[in-house]
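Everything below concerns the one structure shown next.
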Amino acid sequence: MPIFAGDIMVKYSDGSTVNNVIQFGQWFSKGSSEYTHAGLAVSGTAIIEMDGHGLQEHDLTSQNAGIFYDVFHCRISGVGQGAAETARMMRGFTDQIEYSKSGAFTSISRSTGLATTDKVNTLLDNLLQGGSEYYFCSGHVVLCYIIAMQQMDAMREGAFPTSKIQAVFGLEDVCYNPSFLHQHLMKSTYFDYMGKFKGAQCVQPHDVEMQAL
C-alpha cells in the first residue's frame, strides 16, 4: 500500500526526551498521548514536517526509515495534492518559517472555530515582505489543508465554501496538537485511515474503499 502526496502522517512516540515532554503535555488533551508529531507526505517517499530546525523535507526511506506513523488519506479529490503543493511552496521560505514551541503547548487547551480569513494571502504578504511565520508540526499540516481548500474555492468559483472547509477542519490550525489531530482524522468522514507505516512501508494495513467525495 503506497503513500500519496498529501497524506497526513501522525508519528508514534519514539521515547526521546522531546517526545516524552510532548506526550506528558498531551495527557491533558484530547486523543491518545502516544502520538507526538505530524507531517505531510509530498511523495511516496518524502515528508515535509515542522521540527526544532524549522520546516524540513525528509526521506522516509532513509532519514525517517525507522519511524512509525499512522497514515490518513483525504477522500476529497485534489485536496491532499493541494496541501502537498502548499507545503512545497512554503519550503521556499525556509529561513523565514520557524518552529513554535509555545504554539505546540498552547494547542492543548485551544478550541477556536475556524475563521473566514484568507490565509494564503495573509501568509504570502508577510513572507514576501521579509516577515517570519511560526508553526508547530500538526498545526502546519492543518494549515496546508485549509489553504488548499481556500485556493480551490477561489479557482473553482465556490467549490469549497467556508461551511465545507469547516466540515473538514472545524477549528483553527493552532488548535490541533498531534493527539487531537489523530483523534479528529479517525472520526472524520473526509479521511481514510490507511494503516500503520514504518517509514514508507505499510506494516499494518487497514482495509478501506478508496472513493473520492
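Counting begins at 1 with the first residue of the sequence. Note that the structure is a prediction, hence the values are computed from the model and not measured.
One distance of note links NE2 of H140 with CD1 of I97; it measures 6.0 Å at 0.5 Å rounding. Separation of atoms OG1 (T162) and CE (M149) is listed at 10.5 Å; rounding is to 0.5 Å. A distance of 7.5 Å separates CG in D70 from CD in E34, rounded to the nearest 0.5 Å. To the nearest 0.5 Å, atoms SG (C175) and CG (L181) are separated by 12.0 Å. Residue I3 holds its CD1 atom at 5.0 Å from CG of L60, rounded to the nearest 0.5 Å. Interatomic distance, L143 CG to M50 CE, rounded to the nearest 0.5 Å: 11.0 Å.
At a threshold of 4.5 Å between non-hydrogen side-chain atoms, the residues C144 and M90 count as touching. No side-chain heavy atom of Y35 sits less than 4.5 Å from a side-chain heavy atom of N177. With contacts defined as side-chain heavy-atom distances shorter than 4.5 Å, the pair F180/L171 qualifies. Contact annotation: the side chain of Y12 never approaches that of Y69 to less than 4.5 Å [non-hydrogen atoms, C-beta and beyond]. At a threshold of 4.5 Å between non-hydrogen side-chain atoms, the residues Q81 and E85 do not count as touching. Looking at heavy atoms from C-beta onward, N126 lies out of side-chain contact with Q96 at the 4.5 angstrom threshold.
Centroid-to-centroid, the aromatic rings of Y190 and Y145 stay 6.0 Å apart or farther. Between H184 and F169, the ring center distance clears the sub-6.0 Å criterion.
Residue A38 comes nearest to C137 through the heavy atom pair O-CB, 3.3 Å, listed as atom of the first residue, atom of the second, then distance. Across every non-hydrogen atom of A148 and G82, the tightest pair is CB-C, 3.5 Å.
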Donor-acceptor pairs are to be reported for all side-chain atoms of residues 196-203 against protein atoms at under 3.5 Å, with residues two or more places apart or in another chain.
none

Exercise for the section: Give the intermediate values and the outcome of side chain to side chain contact (heavy atoms under 4.5 Å, CB included) for residues F93 and L124. Expected result: CA-CA 10 Å; F93 297 92; L124 288 175; 4.3 Å; yes
Practice task
Mind running side chain to side chain contact (heavy atoms under 4.5 Å, CB included) on I47 and L40 for me, showing each step along the way?
Solution key: CA-CA 5 Å; I47 184 173; L40 194 62; 5.7 Å; no
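Here S132 pairs with E98, Y134 under the side-chain contact (heavy atoms from CB on, under 4.5 Å) rule; sequence neighbours left out. Qualifying salt bridge (charged side-chain N to carboxylate O under 4.0 Å, His left out) partners for E172, counting only residues two or more places apart in sequence or in other chains: K119. Judged as a ring pair (Phe, Tyr, Trp, His ring centres under 6.0 Å), and not counting sequence neighbours, the contacts of F72 are H182, Y193. Considering only residues two or more places apart in sequence or on other chains, Y135 meets the side-chain hydrogen bond (donor to acceptor under 3.5 Å, both in side chains) condition with E133. For the side-chain contact (heavy atoms from CB on, under 4.5 Å) test, residues two or more places apart in sequence or in another chain that qualify with P161 are D153, S163, K164. With sequence neighbours excluded, the residues forming a side-chain contact (heavy atoms from CB on, under 4.5 Å) with A84 are A5, V42, listed by chain and number. D125 is linked by a side-chain hydrogen bond (donor to acceptor under 3.5 Å, both in side chains) to nothing, counting only residues two or more places apart in sequence or in another chain. Taking E57 as the reference, R88 meet the side-chain hydrogen bond (donor to acceptor under 3.5 Å, both in side chains) condition, with sequence neighbours excluded. The side-chain contact (heavy atoms from CB on, under 4.5 Å) test applied to T122 returns T117, not counting sequence neighbours. Residues meeting the side-chain hydrogen bond (donor to acceptor under 3.5 Å, both in side chains) test with S188, sequence neighbours left out: none.
Residue pairs meeting the side chain to side chain donor-acceptor pair (under 3.5 Å) criterion with at least one partner in residues 45-55, sequence neighbours excluded, are H37-E49, E49-H58, E49-N64.
In this structure, D192 contributes its side chain and M194 its backbone to no donor-acceptor pair below 3.5 Å. The backbone N or O of T189 sits less than 3.5 Å from a side-chain atom of R75, completing a donor-acceptor pair.
At a threshold of 4.5 Å between side-chain heavy atoms, the hydrophobic network of Ile, Leu, Val, Met, Phe, Trp and Tyr places L128 and V120 in one connected group.
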